[in-house]
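Letters go in sequence order (proteins before strands), and every chain restarts at 1.
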Protein chains: 2
Amino acid sequence: MKTADPELMRAMNRLSVLDTIRRRGPISRVEISERTELSTTTVSAITGSLLDDGLILTRHEGDIRNEAVRGRPRVMLEVNPDAARVVGAKIAASRMVFVVTNFRGDVLSTLTLPIRIDRQPIAVIADLVEDGVRRCVVDAGLSLEDVDSVCLGLPGVIEHRTGHIRSSPIFREINIDFAAEMSTRLSTPTIVESDAHAITLGHHWFGKARDLEDMVLISLEQTLGLGVLHGNRLFRGAGGLSHNLGDLVLGMGPQGIVRLSSQAGESAILGEQQTDGRFAEAVRLGRGMTHVQALIQADDDRLISAAVRAGEAVGLTIANIVTLFAPPRVILVGSSLALGEPFLNSLRDAYALAIPPSLKGVSELVFDDSADDFWAQGAAAVALYELYESPWSTTGPAL
Amino acid sequence: MKTADPELMRAMNRLSVLDTIRRRGPISRVEISERTELSTTTVSAITGSLLDDGLILTRHEGDIRNEAVRGRPRVMLEVNPDAARVVGAKIAASRMVFVVTNFRGDVLSTLTLPIRIDRQPIAVIADLVEDGVRRCVVDAGLSLEDVDSVCLGLPGVIEHRTGHIRSSPIFREINIDFAAEMSTRLSTPTIVESDAHAITLGHHWFGKARDLEDMVLISLEQTLGLGVLHGNRLFRGAGGLSHNLGDLVLGMGPQGIVRLSSQAGESAILGEQQTDGRFAEAVRLGRGMTHVQALIQADDDRLISAAVRAGEAVGLTIANIVTLFAPPRVILVGSSLALGEPFLNSLRDAYALAIPPSLKGVSELVFDDSADDFWAQGAAAVALYELYESPWSTTGPAL
DNA sequence: GCTATTTAATACGAGGTGCAAATTAAATTC
DNA sequence: GAATTTAATTTGCACCTCGTATTAAATAGC
């Protein structure tokens, strides 16, 4: 068990204050004190230290309370965008997206590399990732020395704590210490995280879960991922492993075990269409899902039935997840949402059917079709979170 | 977010020290210091305060290090068994079991009431529970004033934080504030908790998970329950709700949704046998499972096939739980284990088949057929844990 | 234009916490 | 019986948060 000392105490309160400032935009010290339940004295001390460290800025204009309040005006505080810069990335089978953000999470530059890296050797992938990071940093008018941290979000089973990739559909090898590899290549601290976790934190910071401290996110892409937010933190599983929804079992079929991935994975849906000439090329380029909608509108029967089946499987799975976690909101993201109404309707129907009566209405289903930048921005949020948590300086004795 | 102040800090370290003393039996201050990574100074201060409060005792004999060590002998510390007394109970459909334990968790008295309370009105059940608690306390040679806390473990969806029973198979009503009801009846602080959570903590304190800080427990009884231990704490779900495994969906059958409870609940297995004359009576008395083994040995085909089907369903479900949580150990408890080899073998087989290859060997399956007292003892542990956590006195200023 | 009022933010002192170093305590060894 | 060794406590210090008093900076009233 972690031992509690004054330093930990300070770190906790600092994080609490800093996060409040980030979240509630320009905000005065009194209001921080109310929200965090810390005394104004303590808030002053902490904000003082944050100002010293250059992590936040004052702004004298902002006080937008109703005009004509009597006393001394509040000084508004906000996160200093230029306090740090991080790179976030989404590494997928068919493309990589990089973003550089400032300390506030604003995107400074974006770079998409539409390259299929599927199952290339590590060295090749690492080369491409390194190249992407470097180019995106240059695009932002920066140099790698200006970047404080990098976070790579990838599909598969990722052990965040150690930076190992246990298994990932885009790697041939298993058990790779990718964080160490990229840290030395970039000579910048590099974090490896599951893409689903990244976008989960992204939604908590910038997206559709800003108001919640508990929620569940399900990512429907080449692989099916899960992110659980619990008490404003990512729940990283008992063993620190990431969750891989595709491995979930839906039941026993005539040919044995039926896994979710065989019903609802991207390749499970599109794969059947590979024989179709129009399609093979698009799939190979990783553009499968973007072409699907046209086909669905053209009433491609096989595709529609695949989409319906997938929606059903996902709907059941979501009901099970809700049964276990009972979150107030479930956010669905990922390329499979592009399957459109046939998929979504059957998903909703299956969910409504499968959710136990006692939990009806507990969870709200939200669909989010953000682009890949948002995933990368989520990865950046993971990196930023660790910066926010890190102690920086403490008030300490006078220098 | 909870604000960190010196008091919280002290509380955390006190809990850490007290738990170390409980867990590692008679233990010296130096060793506590090593294990908790607190300085010997701090350990001395905290143990001093614990001694003042009478929560722990010194013992000068014990130092069992290899004979003939040179210096001043260590003074061993241990939990004071008489510092408090709690009642733990397991309330099931067909019987209630109560235990009174001391502060260390030792059982002082046990009482089993083999009464079927299934779906009686609240008042009736509350009467019986109150009676049971009172009698068990008397059996221990105590009076209710000597009891510091009561914890009732029941099946169903229990909201521990508020003490509400959202739904339970043994209650007709839903959304009952049972903790408040029993607190006033007994005029003793009373906690309500899911029976699965209770035995999960029980295994962490006394049973087969003493050495772990993460694990998962699955209870196979009238209802199917789940307990997750995460970082030495019960994971109570995003919304603070308990988990009800029986509601999990296994797939779509010809008649629609197939839930786990329809395959592996106690009544699902035994229910089909109700027509059988030998059986109806036993089931009605809640002794169904105890009679099963004889029947299985007598090769009752229908029963065996029901057991096999149940084992299969549970095996798949466990694989899914492991996929989500990746715990190092899964403990299975509950009356359904009495189904014996046909059930267990098919469970093991289904699990082995369904567990994804990447997680093979991550989780160890452990079967535990402890009696109902152990469940009640687990409930007592829940009550004790809250006492351990509560601040008692702090060192404070000299009185 | 000046003073009174009001609200925000800081200074100061008190009380609590943990840690390192020095000190005391209680045994064994020679 | 003195030296040695290890355990536990005492002492002194740096840090944290908090309540109260004080200072800062605006508006309202005359």
Side-chain angles (χ1 to χ4, degrees), chain A residues 2-17 26-34 36-52 56 58-63 65-77 391 393-399, chain B residues 2-17 26-34 36-52 56 58-63 65-77 391 393-399:
Chain A
K2 198 174 176 182
T3 149
D5 55 15
E7 201 179 325
L8 172 68
M9 194 161 111
R10 222 314 157 52
M12 289 172 63
N13 289 338
R14 251 179 90 101
L15 176 60
S16 172
V17 168
I27 185 177
S28 65
R29 291 177 176 81
V30 255
E31 208 181 332
I32 296 172
S33 165
E34 287 163 12
T36 59
E37 298 180 44
L38 291 156
S39 72
T40 62
T41 309
T42 303
V43 170
S44 250
I46 292 176
T47 53
S49 131
L50 292 172
L51 282 166
D52 284 349
I56 60 173
T58 60
R59 193 206 269 183
H60 288 269
E61 321 118 40
D63 188 358
R65 285 177 301 165
N66 48 1
E67 295 292 326
V69 275
R70 288 271 269 155
R72 174 178 175 175
R74 302 175 171 184
V75 176
M76 307 306 269
L77 302 171
S393 84
T394 176
T395 28
L399 302 174
Chain B
K2 199 173 176 182
T3 148
D5 55 14
E7 200 178 325
L8 173 69
M9 192 161 114
R10 225 317 155 47
M12 290 172 63
N13 288 337
R14 252 179 88 102
L15 176 61
S16 172
V17 168
I27 184 176
S28 66
R29 291 177 175 81
V30 259
E31 209 182 331
I32 296 172
S33 163
E34 287 162 12
T36 59
E37 299 180 49
L38 290 155
S39 72
T40 61
T41 309
T42 304
V43 171
S44 250
I46 292 177
T47 53
S49 132
L50 291 172
L51 282 165
D52 284 349
I56 60 174
T58 61
R59 193 206 267 181
H60 288 269
E61 321 119 39
D63 190 358
R65 285 177 301 164
N66 48 0
E67 295 291 325
V69 276
R70 288 270 270 153
R72 172 179 177 175
R74 303 175 171 183
V75 175
M76 306 307 269
L77 303 170
S393 85
T394 176
T395 28
L399 300 176

TODO: State, with a plain yes or no, whether a side-chain heavy atom of B:M9 is found less than 4.5 Å away from one of A:D5.
DONE: no
Open item on the list: OP1 or OP2 of D:dA7 versus the side-chain N and O atoms of B:R29: is any pair under 4.0 Å?
Closed with: no
Task: Protein-nucleotide distance (A:R14, atom CZ; D:dC16, atom P), rounded to Å - done: 10 Å
Task: Any N/O donor-acceptor pair, B:R72 side-chain to C:dA26 base, under 3.5 Å - done: no
Task: side-chain N/O B:R10 vs C:dG16 OP1/OP2, d < 4.0 Å - done: no
Task: Side chain of A:T40 - closest among D:dG19, C:dG18, C:dT10 - done: C:dT10
Open item on the list: If the cut-off is 4.0 Å, is A:N13 near the phosphate of D:dT17, judged by side-chain N/O to OP1 or OP2?
Closed with: yes
TODO: Using whole Å, report how far CD1 of A:I46 lies from P of D:dC18.
DONE: 9 Å
TODO: Rounded off to whole Å, could you give me the CD-to-P distance for the B:E37 and C:dG18 pair?
DONE: 15 Å
TODO: Give the nucleotide from the list C:dT17, D:dA26, C:dC19 with an atom nearest to the side chain of A:P73.
DONE: D:dA26
- [ ] Flag the pair A:R29 / A:T40 as yes when at least one side-chain heavy-atom distance between them is below 4.5 Å, and no otherwise.
- [x] no
Task: hbond_proxy A:T3 side chain to C:dG18 base (donor-acceptor, 3.5 Å cutoff) - done: no
Open item on the list: If you define the side chain from C-beta out and look only at heavy atoms, does anything of A:T58 sit under 4.5 Å from A:L51?
Closed with: yes
Task: B:R10 versus B:S49, side-chain donor and acceptor atoms under 3.5 Å - done: no
Open item on the list: Is there a side-chain contact between A:T42 and the phosphate of D:dC18, meaning an N or O under 4.0 Å from OP1 or OP2?
Closed with: yes
Open item on the list: I need the CD-C1' distance between A:E31 and C:dT7, as an integer number of Å.
Closed with: 15 Å
Open item on the list: Using whole Å, what does the distance between atom C1' of nucleotide D:dC13 and atom CG of A:D5 come to?
Closed with: 15 Å
Task: Integer-rounded Å distance: C:dG18 P and A:M9 CE - done: 10 Å
Task: Contact under 4.0 Å: B:R70 side-chain N or O vs C:dT29 OP1/OP2 - done: no
- [ ] Using whole Å, report how far CD of A:E7 lies from C1' of D:dC13.
- [x] 16 Å
Task: Check: A:L38 main-chain N/O paired with A:S33 side-chain donor or acceptor under 3.5 Å - done: yes
Open item on the list: Let me spell it out: for each of B:T41 and A:T47, pick the nucleotide of DNA chain C with the closest heavy atom. Which residue's pick is nearer the 5' end?
Closed with: A:T47
Open item on the list: When you measure from the side-chain N and O atoms of B:R74 to the phosphate of C:dA27, is any distance below 4.0 Å, counting only OP1 and OP2?
Closed with: no
Open item on the list: Between the base of D:dA7 and the side chain of B:S28, is one N or O donor paired with an acceptor at under 3.5 angstrom?
Closed with: no
